[in-house]
Amino acid sequence: MERMKLKKGHIILYLGLLVAVFLVMILTRNIAAKGHSASDSAMAHKGDSIRVAIQISPLGVSTNGDTLGGFYYDMIRQMAQKEHLALKIDGFTQVTNALTDLAEGKCDIVISDIPITSDLRDRFLFTEPIYADRQVLVQLADSLTGLPPIQSQADLRGDTVFIAAHSPFRSRLQNLSHELGDTIYIFQDPHYGPEQMMLLTAIGQLKNVVVNEQTARNIAKDYPQLDLSLTLSFNQFQSWAVAPDKPQLLDSLNTWIARFKSTPQFDTLVNRYFNERPVKM
């Protein structure tokens, strides 16, 4: 499929998003280069830093001015402080690239909205679920009626949906196509993550983007023209991926996560970043 081109009136808006993505990458790498802040310096006594890759998104890691934040980012940082761990954090946009790095030993943990599939479970280790989420179809609502063009899963027959390249969502969409008895054309974008693809939908350059609901709701706060009403899956466990040769790290992570989820700090993060309380595991 031919890549859609941005109209001139949208270039500044999209460039702004690209600048934000690069800023996140620079800030996360600066954290690693500085050896962490003073509050992190005491963590290093347990050994080498844990190399963490977090997806750039409102729930993963993003910027507010010159400050980094995000549900996953704040959670891993606060958890590390409690457990006296040293972290080296990098941001990424494409899950497939981060998982490749994980398989090649370039990082230890990938933090993103990763629904656990049988294929991924064969390749990586996964923590106990952080919470449960489901996939939604992001569309541009009609400016007059306020209704989306696709109002049921059956309306997707013969239509095209957009996902990030090698997204785990692909298997769900293929199953849905079989359930409907008709083809759903799946375009896997090799360049953009959920936030960029939703922005392109908001300005009319893409349609039918599949994103996890909690991520979509956070982004859609700034784009009321987007419709998220059509769900495409049941609730699925969202976990962190761990390098396949680090079972001891997985065991430790599960202990640390369980301990942190029982604290008031975790409840504070949930209330800050989620419109509605997610299904906790």
Side-chain angles (χ1 to χ4, degrees), residues 25 28-57 59-61 68 70-92 94-133 166-168 212 236-267 269-270 278-281:
M25 289 181 171
T28 54
R29 287 171 184 172
N30 281 346
I31 289 173
K34 292 177 181 176
H36 307 287
S37 63
S39 61
D40 293 325
S41 60
M43 301 177 190
H45 72 274
K46 285 200 172 184
D48 295 335
S49 298
I50 299 174
R51 300 165 298 173
V52 181
I54 304 182
Q55 187 164 38
I56 298 172
S57 72
L59 291 185
V61 58
L68 290 174
F71 174 71
Y72 286 139
Y73 178 79
D74 288 349
M75 179 177 174
I76 190 70
R77 293 272 290 174
Q78 292 183 26
M79 192 171 70
Q81 289 177 356
K82 285 182 175 295
E83 303 296 340
H84 307 291
L85 309 169
L87 301 178
K88 179 181 178 182
I89 298 176
D90 283 310
F92 66 87
Q94 285 282 350
V95 173
T96 181
N97 295 337
L99 292 178
T100 297
D101 287 346
L102 189 65
E104 294 176 353
K106 297 177 181 178
C107 60
D108 303 312
I109 306 170
V110 170
I111 297 180
S112 178
D113 296 322
I114 308 176
I116 303 175
T117 64
S118 57
D119 174 63
L120 289 177
R121 191 179 288 279
D122 289 340
R123 297 165 52 203
F124 304 104
L125 304 174
F126 285 92
T127 65
E128 293 298 315
I130 309 300
Y131 67 98
D133 204 353
H166 307 293
S167 167
N212 270 351
Q236 296 176 308
F237 297 149
Q238 306 296 318
S239 300
W240 298 350
V242 179
D245 61 342
K246 295 186 180 295
Q248 291 182 331
L249 174 60
L250 176 68
D251 291 341
S252 297
L253 266 176
N254 283 332
T255 299
W256 301 330
I257 289 170
R259 204 145 49 201
F260 185 74
K261 287 173 68 174
S262 67
T263 65
Q265 288 88 343
F266 179 76
D267 291 333
L269 292 181
V270 169
V279 180
K280 290 173 62 175
M281 308 313 302

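Atom set for the values below is all heavy atoms of this structure, side chains included, hydrogens, waters and symmetry mates excluded.
Across every non-hydrogen atom of G105 and R51, the tightest pair is O-NH1, 2.9 Å. V95 and S112 get closest at one heavy-atom pair: CG2-OG, 3.4 Å. Of all heavy-atom pairs spanning N254 and E128, the tightest one is OD1-N, 2.7 Å. Of all heavy-atom pairs spanning F126 and L120, the tightest one is CE1-O, 3.5 Å. A pairwise comparison of heavy atoms in P129 and S239 identifies CA-OG, 3.4 Å as the closest pair.
Looking at heavy atoms from C-beta onward, I109 lies in side-chain contact with L249 at the 4.5 angstrom threshold. For the pair F124 and V110, the minimum side-chain heavy-atom distance is 4.5 Å or more. In this structure, the side chains of M79 and L253 come closer than 4.5 Å at one or more pairs of heavy atoms. Looking at Y72 and R77, their side chains never come closer than 4.5 Å, going by heavy atoms from C-beta outward. Proximity of T263 to K82: side-chain heavy atoms (C-beta onward) are separated by under 4.5 Å at one or more points. For the pair L269/F260, a side-chain contact is recorded, criterion being any heavy-atom separation below 4.5 Å from C-beta on.
Using a distance-only test at 3.5 Å, with no hydrogens or angles considered, a donor-acceptor pair links the side chain of T127 to the main chain of W240. Not one N or O on the side chain of R259 forms a donor-acceptor pair closer than 3.5 Å with the backbone of E83. Formation of a donor-acceptor pair under 3.5 Å by the D108 side chain with backbone atoms of I50 is not found in this model.
Atoms CZ and CZ, on R123 and R121 in that order, are 13.5 Å from each other to the nearest 0.5 Å. For the atom pair CZ (F92) and OG (S57), the distance works out to 8.5 Å, reported to the nearest 0.5 Å. Between D245 atom CG and L250 atom CG the span is 12.0 Å, to the nearest 0.5 Å. A distance of 13.0 Å separates NZ in K246 from CG in D251, rounded to the nearest 0.5 Å. Taking CG of L102 as the reference point, atom SG of C107 lies at 4.5 Å (rounded to 0.5 Å). From I56, atom CD1 reaches atom CD of Q94 across 11.0 Å, with rounding to the nearest 0.5 Å.
Of the residues I111, I257, I54, the one that meets the side-chain contact (heavy atoms from CB on, under 4.5 Å) test with M75 is I257.
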Q. For F71 and V270, what are the C-alpha separation, side-chain angles and deciding distance, and is it a side chain to side chain contact (heavy atoms under 4.5 Å, CB included)?
A. CA-CA 7 Å; F71 174 71; V270 169; 4.0 Å; yes
